[in-house]
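Throughout, a chain's letter reflects where its sequence line sits, starting with A, and its residues are numbered from 1.
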Amino acid sequence: MNLDFSQIVPYIPFILKGIGATLQFVSVSIIIGLFLGIILALFKIMKKPILRWFADAYTSIFRGTPLILQLWIIYFAVPQLSGYDISAFLSAVLAFGLNSAAYVSEIIRAGILAVDKGQTEAAEALGVPYKSMMANIILPQAIKNILPALMNEFITLTKESALVATIGYLDLMRRAQIVGADLYRNFEPLLIAGVIYWVMVFVLTKIGRMLERRLRKSD
Amino acid sequence: MNLDFSQIVPYIPFILKGIGATLQFVSVSIIIGLFLGIILALFKIMKKPILRWFADAYTSIFRGTPLILQLWIIYFAVPQLSGYDISAFLSAVLAFGLNSAAYVSEIIRAGILAVDKGQTEAAEALGVPYKSMMANIILPQAIKNILPALMNEFITLTKESALVATIGYLDLMRRAQIVGADLYRNFEPLLIAGVIYWVMVFVLTKIGRMLERRLRKSD
Amino acid sequence: GSESNNGTAANNESDQNDEKEVLIMATSADFPPFESYDTDGNFEGFDIEIAKVIAEELGYELEIEDMSFDGLIGALQSGRVDFVMAGMSATEERRQNVDFSKEYHRSGEMFIYQPDESINGLEELEGKTVGVQLGTIQEEGADVLSEEYGFEVKKVDDASVLIQELMSNRIDVAYMDKTVATGYINSQGLEGFDDPTTSSPGMGIAFPKGSELVEQVNEILTALEKDGTIDELEEEWLSEYE
Amino acid sequence: MIKTTELTKVFGENTVLKNISTTIKPGEVVAVIGPSGSGKSTFLRCLNLLEEPSAGDIEIDGKVITTPKVNKLEVRKNIGMVFQHFHLFPHMTVLDNVTYAPIKVKKFSKEAAEEMGKELLAKVGLSDKVEAYPNRLSGGQKQRVAIARALAMDPEVMLFDEPTSALDPEMVKEVLDVMKDLAQTGMTMVVVTHEMNFAKEVADRILFLDNGVLMEEGEPSTFFAKPKTQRAKDFLDKVL
Amino acid sequence: MIKTTELTKVFGENTVLKNISTTIKPGEVVAVIGPSGSGKSTFLRCLNLLEEPSAGDIEIDGKVITTPKVNKLEVRKNIGMVFQHFHLFPHMTVLDNVTYAPIKVKKFSKEAAEEMGKELLAKVGLSDKVEAYPNRLSGGQKQRVAIARALAMDPEVMLFDEPTSALDPEMVKEVLDVMKDLAQTGMTMVVVTHEMNFAKEVADRILFLDNGVLMEEGEPSTFFAKPKTQRAKDFLDKVL
Ligand SMILES: Nc1ncnc2c1ncn2[C@@H]1O[C@H](COP(=O)(O)OP(=O)(O)OP(=O)(O)O)[C@@H](O)[C@H]1O
Ligand SMILES: Nc1ncnc2c1ncn2[C@@H]1O[C@H](COP(=O)(O)OP(=O)(O)OP(=O)(O)O)[C@@H](O)[C@H]1O
Ligand SMILES: [Mg+2]
Ligand SMILES: [Mg+2]
């Protein structure tokens with residue numbers, strides 16, 4: 001295998017521009033996914049059957065069908081059905097955020113169930129309303145234990161983001177592929193993208209570890 | 001939006017054949033990933049720094065770089081470097097299994113850490129060797145709590161499997177694309193693939209829930 | 001390059017046995033009428049037929065592997081396959097990294113649009129948004145034409161997305177390979193006109209850099225041109241897309 | 001005043017409380033005793049609606065709280081509860097544990113809450129642990145924080161569910177002392193306990209539960225000296 | 001025979017055991033008492049190497065077990081341990097809890113192990129719970145299973161770390177009774193306990209630890225009647 005990076009050099013600025021695109025898009029998607037995921041997880045543990053049913057159906061659909069289909073439906077079907085011209089960025093963060101929420105909700109559900117029931121009782125006995133109890137007592141403890149699983153999900157999201165290329169949003173991966181197709185050499189651009197991804201994931205992991213340590217400071 | 005499924009009908013057997021391919025490939029990958037993931041998780045909680053370092057580096061690399069790069073290196077670079085002509089199937093299950101192991105190991109690490117330390121002590125006090133303790137005492141309890149996160153990972157794997165199309169393995173998604181190109185109509189085959197994926201994930205989820213219930217029968 | 005060692009034609013002279021030698025071709029069978037699957041899952045198309053003839057002439061058994069477009073390039077770069085036929089255009093940049101045969105077909109480009117529009121020539125593209133597929137020769141062409149005719153270029157990932165963009169009114173016109181364009185016109189009721197300026201290179205067969213097969217294949221292609229085989233195949237596969 | 005009328009609680013097929021009627025007067029200290037599984041915790045938990053009674057009524061200060069439209073949170077504001085296993089919030093400091101509910105529920109300012117919190121912590125002898133996390137405390141210290149946490153809501157009644165049975169013996173006294181002080185301030189208290197000496201000394205009345213039935217109630221002196229039922233006799237034989 | 005010589009254990013900067021030297025004879029029942037945090041559990045855990053001693057030696061039947069090359073698993077096979085919080089394996093039935101180690105470690109056949117397991121469970125009065133899961137048991141029942149589990153390895157010594165302090169008072173007796181029976185069979189036992197009555201009645205000798213130091217040891221009758229040190233006096237005042 002003869003690798004030759006010299007031809008790639010002029011394309012490097014083009015590839016690097018993908019970092020910003022990927023980061024921006026991933027961070028917004030993570031926030032949407034986390035926020036919706038928490039709400040869905042709460043639905044899943046509630047006593048109202050209708051909410052549970054809704055959350056289960058949501059999870060089933062968004063985990064069960066290919067992300068690219070969800071992306072296509074949002075990006076292509078929405079304007080054709082509603083006439084609203086949804087932008088590539090908005091479709092992408094919506095599709096990824098909604099999809100991620102399904103995964104995140106399962107992780108958080110498990111985390112909440114693992115928190116000692118006594119915590120809920122203590123909060124209830126103090127007259128703390130449900131919302132505050134969840135936000136201040138249960139979730140902070142749940143998240144401590146599930147942080148590794150959440151990190152997995154965020155990293156997956158970062159790397160799946162290449163899909164958005166299909167709707168014309170030029171992320172890192174897609175840029176590497178374009179350079180590859182231009183030159184008919186795609187190992188080299190892919191290796192460069194690989195290194196950049198590795199650095200991004202490395203930083204994400206470090207942030208996760210830091211957070212984990214902060215959450216464990218009370219141990 | 002005008003959808004027209006009538007033209008798809010003759011292609012349906014062609015698409016359905018992808019189910020077997022995807023299932024076979026996914027199930028072998030899951031087994032490899034689970035097996036390696038457990039071993040890596042054990043490395044991570046061991047006292048030997050060298051094993052911990054290895055497992056951390058492994059996770060960093062396999063989570064940190066795009067799966068497609070890993071797939072390509074195995075499929076394209078292995079034959080050139082070693083002379084062994086690796087098949088598309090073998091490359092695919094290796095790449096997916098090795099990649100999944102990195103994610104699974106993080107999930108299992110968290111699961112093991114969440115098992116009450118008293119369990120380890122009780123087993124140690126009985127003179128139970130480390131391996132048996134892990135296999136019979138710790139892991140069964142760990143897995144009960146992390147099953148939702150593991151299911152997430154397996155479902156992600158099922159859906160990422162579309163990547164193997166780049167090395168010529170005809171999975172469900174690739175077949176849908178081919179039919180779409182053939183008919184100059186893409187939404188319809190993608191929707192059909194979506195339904196099939198949904199059924200597969202639904203069955204996988206049911207199996208997971210069943211397992212969860214069996215593991216909880218002692219509660 | 002050519003030091004690949006996985007049983008492809010380029011190097012299996014050394015392990016002769018009584019079986020017929022295998023020639024491995026890679027393609028991306030989502031590009032009808034050049035290469036696609038029939039409903040039984042067999043390969044069919046213009047490129048496929050040419051490849052069969054070439055293999056026969058060379059005395060090899062043809063084996064076809066289907067993979068997505070990115071995979072084709074990886075397969076060439078790593079020398080895992082003997083050649084690729086996938087409607088590839090032989091540009092100068094690409095020639096640095098793969099060897100191309102002589103041109104065996106040229107289909108040209110087309111502008112297509114929704115039937116409620118009416119655009120009858122390059123001049124009427126002014127102010128419109130024209131979509132092209134990334135990494136294709138149409139992309140390069142559109143960049144040049146847009147200067148002259150004053151339209152905006154939007155680049156997307158593949159042909160199917162281009163069509164959906166058209167349906168969603170995000171682009172006014174799609175600029176694509178004529179054969180593919182004709183397929184969409186027939187199947188989705190679109191309209192279009194030929195690009196009169198087309199100067200894109202034609203399609204070539206791609207080989208790993210330094211492949212010994214290039215010469216032999218070029219000879220065969222010349223012969224096939226002369227005896228009318230290529231014309232026949234074009235008539236059979238491509239005529240309804242003209 | 002707390003009044004239960006024919007209070008009954010059913011779990012599935014299991015009737016855990018059977019027609020319990022009793023009245024707890026303001027300022028009274030009531031000790032609830034009985035064998036394990038007899039329904040003591042369930043009785044206590046019904047009083048602040050942590051368990052929903054299956055039948056019968058509970059009246060607090062003349063207001064029936066066992067109607068569907070009652071606001072549980074309002075009821076609980078006036079009833080403090082201390083658990084066997086403390087259930088402190090592990091991710092908050094001791095002071096935050098104590099001030100959290102006043103700030104969230106009673107809308108105290110942070111300053112006011114902290115001032116009050118520090119005062120309460122001083123009362124239970126933990127002024128030096130204000131900034132510590134619960135995991136750094138001994139069991140006795142944890143339970144004293146839990147008492148301070150409940151008192152911070154300024155409740156009219158305090159419920160205790162075996163507050164000392166998870167503690168090492170040398171720590172039992174420090175918690176019981178805090179409870180005695182509290183009793184002397186005139187707080188209404190319902191205490192599920194296995195500490196017979198505490199019950200004898202501090203309680204105004206004993207409720208003896210067995211198998212979900214309120215078998216006996218009466219003053220400690222008479223109850224411990226001559227229990228009326230055989231069940232109570234057997235029980236006292238085992239634990240005294 | 002167990003003999004510790006200048007046994008010392010350091011956690012970080014914290015010296016938790018300081019030069020403990022004592023000898024436990026075969027068949028002897030030794031009660032270890034002392035305030036919380038004094039190092040009782042750590043002492044016990046050193047004996048079966050759950051904690052690695054920082055200095056000093058432990059000898060069991062003449063063999064030094066505090067050398068780096070000792071096989072910990074071999075040592076532990078002969079030493080049973082019972083924990084305060086039982087630590088039963090929650091995903092296994094009671095019988096599986098008892099038979100697991102004999103089958104895995106001593107290579108008993110399943111039949112032989114189950115026969116022995118049922119016998120032991122009968123001895124601790126739990127014949128009817130053989131197929132139950134631990135979560136269905138009361139605390140006293142759990143602890144009796146834990147004792148049976150440890151006995152199933154046929155150990156020469158049994159270590160108990162506060163075996164009754166997580167139990168409701170009426171259940172304490174059922175566990176102590178099992179332990180008394182065991183003592184009568186001549187089992188060597190080291191028991192960390194807060195049950196002073198048990199220590200008085202059953203133990204042959206008392207070890208009193210304070211702050212990591214073995215302050216006093218002696219016969220229960222003399223120790224409880226007139227402790228030599230002020231520390232021991234203070235401690236006994238609090239807990240008796
Ligand atoms: N949530 C529940 N679901 C089903 N049964 C329950 C529940 N809570 C308690 N019980 C059952 O109700 C009965 C009474 O339990 P409760 O905890 O009130 O007893 P207790 O007197 O407090 O015992 P202990 O001294 O062990 O705390 C027991 O048989 C118990 O198994
Ligand atoms: N793993 C550990 N790491 C650090 N310090 C420890 C560890 N285990 C115990 N200690 C400390 O060692 C000291 C003695 O602990 P130990 O558990 O032996 O006391 P104890 O006498 O058993 O107390 P208790 O009656 O509360 O069980 C305590 O100060 C404790 O904080
Ligand atoms: Mg109770
Ligand atoms: Mg201890």
Top contributor to chain B interface from A/Thr65, A/Asn152, A/Val201 [non-hydrogen pairs under 4.5 Å]: A/Asn152
So how far is it from A/Thr59 OG1 to B/Met151 CE, rounded to the nearest 0.5 Å? 12.5 Å
State the CG-CD1 distance between B/Leu69 and A/Ile192, to the nearest 0.5 angstrom. 11.5 Å
Using non-hydrogen atoms and a 4.5 Å limit, figure out which bit of A/Leu191 sits close to chain B: side chain, backbone, both or neither. both
Test side-chain contact (heavy atoms from CB on, under 4.5 Å) on B/Tyr103 and A/Ile155; report intermediate values, then the result. CA-CA 9 Å; B/Tyr103 290 86; A/Ile155 290 171; 3.6 Å; yes
Only pairs of heavy atoms separated by less than 4.5 Å count here; which of B/Ile68, B/Ile196, B/Leu190 has the most with chain A? B/Leu190
Looking at B/Glu153, B/Glu106, B/Arg63, which one has more heavy-atom pairs under 4.5 Å with chain A than the rest? B/Arg63
Whether the side chain of B/Trp198 engages the backbone of A/Ser60 through a donor-acceptor N/O pair (distance < 3.5 Å, no angle test) should be reported. yes
Is B/Phe187 close to A/Ile73 at the side-chain level, that is, under 4.5 Å between some pair of heavy atoms? yes
Around B/Phe35, counting heavy atoms of other residues, nucleotides and ligands shown, do more than 12 lie under 6.0 Å from its CZ? no
Quick check on B/Met200 against chain A: is it the side chain, the backbone, both or neither that has a heavy atom closer than 4.5 Å? neither
Where do B/Thr156 and A/Glu160 land on the side-chain contact (heavy atoms from CB on, under 4.5 Å) test, with the steps shown first? CA-CA 10 Å; B/Thr156 304; A/Glu160 270 185 346; 4.2 Å; yes
What closest approach, in Å, do A/Ala110 and B/Pro148 show between heavy atoms, and which atom pair accounts for it? CB-CG, 3.8 Å
For side-chain contact (heavy atoms from CB on, under 4.5 Å), just list the numbers for B/Asn99 and A/Lys159, CA-CA rounded to whole Å, side-chain angles, deciding distance to a tenth of an Å, and then say yes or no. CA-CA 12 Å; B/Asn99 184 273; A/Lys159 298 202 300 171; 4.1 Å; yes
